[in-house]
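Have a look at the structure below, then the notes.
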2 protein chains.
Amino acid sequence: MKILIIEDEPELRKSMKQYLHQEGYVIESASDYSKALEKIEVYDYDCILVDINLPQGNGLDIIKHLKQNHSKAGIIIISAKNSSDDKILGLDLGADDYLAKPFNLAELNSRIKALIRRRNFDGNKLIEINEITIIPEERAVKVHNIPVNLTAKEYDLLLFFISNKNRVVSKNSIAEHLWGDDSDQIDSHDFIYVHLRNLRKKLAEKGCVDYVQTIYGIGYNFKISV
Amino acid sequence: MKILIIEDEPELRKSMKQYLHQEGYVIESASDYSKALEKIEVYDYDCILVDINLPQGNGLDIIKHLKQNHSKAGIIIISAKNSSDDKILGLDLGADDYLAKPFNLAELNSRIKALIRRRNFDGNKLIEINEITIIPEERAVKVHNIPVNLTAKEYDLLLFFISNKNRVVSKNSIAEHLWGDDSDQIDSHDFIYVHLRNLRKKLAEKGCVDYVQTIYGIGYNFKISV
DNA sequence: TCTTCTATGATTAGAATTTTCATCAAGTAA
DNA sequence: TTACTTGATGAAAATTCTAATCATAGAAGA
């Protein structure tokens with residue numbers, strides 16, 4: 001899960017980054033709208049947090065821009081307490097949620113989670129990428145519409161790859177996501193090889209292309225163009 | 001893990017309770033010191049959060065009281081921004097940490113976690129309860145000084161019982177702790193029976209008393225007087 | 001108080017999954 | 001090339017979970 005934070009206050013930006021990173025998201029940030037637009041042009045984000053009351057420029061334009069370009073990113077507006085007009089305008093433009101400052105980080109996190117859940121489950125009940133179809137509600141996976149029987153770890157691994165598609169993920173970040181906080185205490189992450197192998201095998205059996213590119217010494221890249 | 005919150009502001013108290021409960025702690029609260037003292041007399045807490053600047057009474061006395069009675073509870077002082085004197089006095093009296101208002105709940109949570117970790121790992125490297133010895137660093141358990149070979153789930157289960165000793169824990173709360181947030185989506189928690197049985201068996205093999213009392217229809221109680 | 005019923009807990013065996021281990025293959029740098 | 005590191009593979013071991021069966025506590029009713 002990749003998140004873009006657009007926020008000018010350095011303190012707040014930093015603590016948001018830190019907290020959300022720790023929660024397992026991949027975080028990038030921009031301190032103003034022009035930098036944000038640059039990033040949006042280049043990368044895909046799953047969720048964008050926009051502070052809508054920055055001094056230099058209009059955050060609504062970002063939302064407009066995203067919607068015009070049919071971005072799939074979820075948008076959460078962060079607004080100062082007093083200014084509710086822009087907030088409403090933003091929601092009208094298609095933002096998904098808003099959060100008034102000051103907020104606590106756990107609250108932010110649960111909003112993000114809720115948003116991601118909504119996007120994954122309600123909006124489009126299916127995640128479809130070429131021949132792969134994922135039905136998150138059932139934790140089920142199909143290739144060429146043939147069911148593939150994945151174990152929990154294999155499913156988690158696939159979902160992690162897909163939510164980081166076209167991005168290089170390290171073995172460490174895989175371990176963090178699939179085994180949680182204590183994974184750094186573990187010396188060897190060899191079992192990733194095993195689960196990856198089993199995943200590749202099961203997908204290949206149903207005629208799926210091997211999208212998982214091994215990047216020697218670095219990690220893996222689930223390379224796909226939808 | 002049982003936590004006592006001593007805080008007079010109803011709003012803050014409520015949100016602390018709610019958040020920490022959601023994080024899996026058992027929470028009790030008191031709105032003033034006399035009520036707090038009553039609770040302290042009756043129950044054992046793992047951690048006590050004391051707002052040290054309440055209007056009626058002196059929070060330092062609570063800390064003194066706890067220390068004089070050799071309470072094992074960790075103490076975190078919550079203090080208003082301005083008053084640092086009492087904070088320092090409190091730390092001198094043996095409080096473990098402090099947190100200035102306003103704080104965010106995630107921060108509070110991480111302080112509590114850190115405190116519990118310190119208590120469990122650094123201070124006394126061993127947890128000793130009658131014939132059971134736990135070496136958390138190694139996730140190792142001994143009974144009558146004989147090593148017991150527990151699996152991860154069995155160890156977690158034992159630790160959960162011990163950190164809630166003399167307290168009734170429901171099957172649901174066990175599931176929440178051992179399997180995390182998604183456990184409520186699971187219909188049956190039958191595997192707890194299995195893990196509990198294996199744990200009991202392994203402990204009994206080494207001559208350990210069965211401290212785990214089954215409370216029909218409710219849960220279990222790890223009953224022990226140290 | 002004594003059955004009978006029902007819900008909950010215990011037990012066991014076995015299936016499925018996860019992890020470990022040993023070995024082989026391939027990439028990288030000297 | 002050679003040495004070294006990283007990744008892949010297969011088989012076996014360990015752990016976790018499922019499912020079927022048995023046992024017991026508590027409730028309901030005679």
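Lettering follows sequence order; numbering is per chain, from 1.
Distance, B:L178 CG to D:dT16 C1': 12 Å, rounded to whole Å. A:I174 has its CD1 atom 16 Å from the P atom of D:dT6, to the nearest Å. Going from atom CG of A:L199 over to atom P of C:dT18 covers 12 Å, rounded to whole Å. To the nearest angstrom, C1' of C:dT17 lies 10 Å from CG of A:N198. Regarding A:R197, its CZ atom lies at a distance of 18 Å from the P atom of C:dA22, rounded to whole Å. Between the CG atom of A:D190 and the P atom of C:dT18 there is a distance of 17 Å, rounded to whole Å.
The side chain of B:R200 lies closest to C:dA10, out of C:dA10, D:dG10, C:dT12. Nearest to the side chain of B:F191, among C:dT8, D:dT9, D:dT18, sits D:dT18.
B:K2 forms a cation-pi arrangement with B:Y45, by the criterion of a distance under 6.0 Å to the ring centre and an angle within 45° of the ring axis.
Counting only N and O atoms by type, the side chains of A:S34 and A:D32 include a donor and acceptor under 3.5 Å apart. A donor-acceptor contact closer than 3.5 angstrom links the side chains of A:Y211 and A:E131. Between B:K67 and B:S71, the side chains place no donor N or O within less than 3.5 Å of an acceptor N or O (distance only, hydrogens not considered).
Heavy-atom neighbours of B:D210 CG from other residues, nucleotides or ligands within 6.0 Å: above the threshold of 12. For A:K39, the NZ atom counts as densely surrounded, since its 6.0 Å shell holds more than 12 non-hydrogen atoms of other residues, nucleotides or ligands.
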After noting the C-alpha distance and the side-chain angles of B:D46 and B:R167, does the key distance pass the salt bridge (Lys or Arg N to Asp or Glu O under 4.0 Å) rule? CA-CA 12 Å; B:D46 300 291; B:R167 240 175 263 151; 3.8 Å; yes
Using salt bridge (Lys or Arg N to Asp or Glu O under 4.0 Å), reason through B:D156 and B:R139 one step at a time and then give a plain yes or no. CA-CA 9 Å; B:D156 288 346; B:R139 289 177 71 91; 2.8 Å; yes
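Along DNA chain C, the nucleotide nearest to A:H195 and the one nearest to B:L196 differ in position, and the one closer to the 5' end is contacted by B:L196.
Shown for residues 203-222 of chain A: residues whose heavy atoms fall under 4.0 angstrom of DNA chain D, namely A:T214, A:Y216, A:G217, A:Y220. Contact check of residues 146-157 of chain A against DNA chain C (heavy atom, cut-off under 4.0 Å) returns A:T151, A:A152, A:K153.
Note on A:K171: only backbone sugar-phosphate atoms sit closer than 4.0 angstrom, heavy atoms only; bases stay farther off.
Classification of the B:F161-B:Y220 ring pair by plane angle, with boundaries at 30° and 60°, yields perpendicular.
Residue B:Y193 places at least one side-chain N or O closer than 4.0 Å to OP1 or OP2 of C:dG9.
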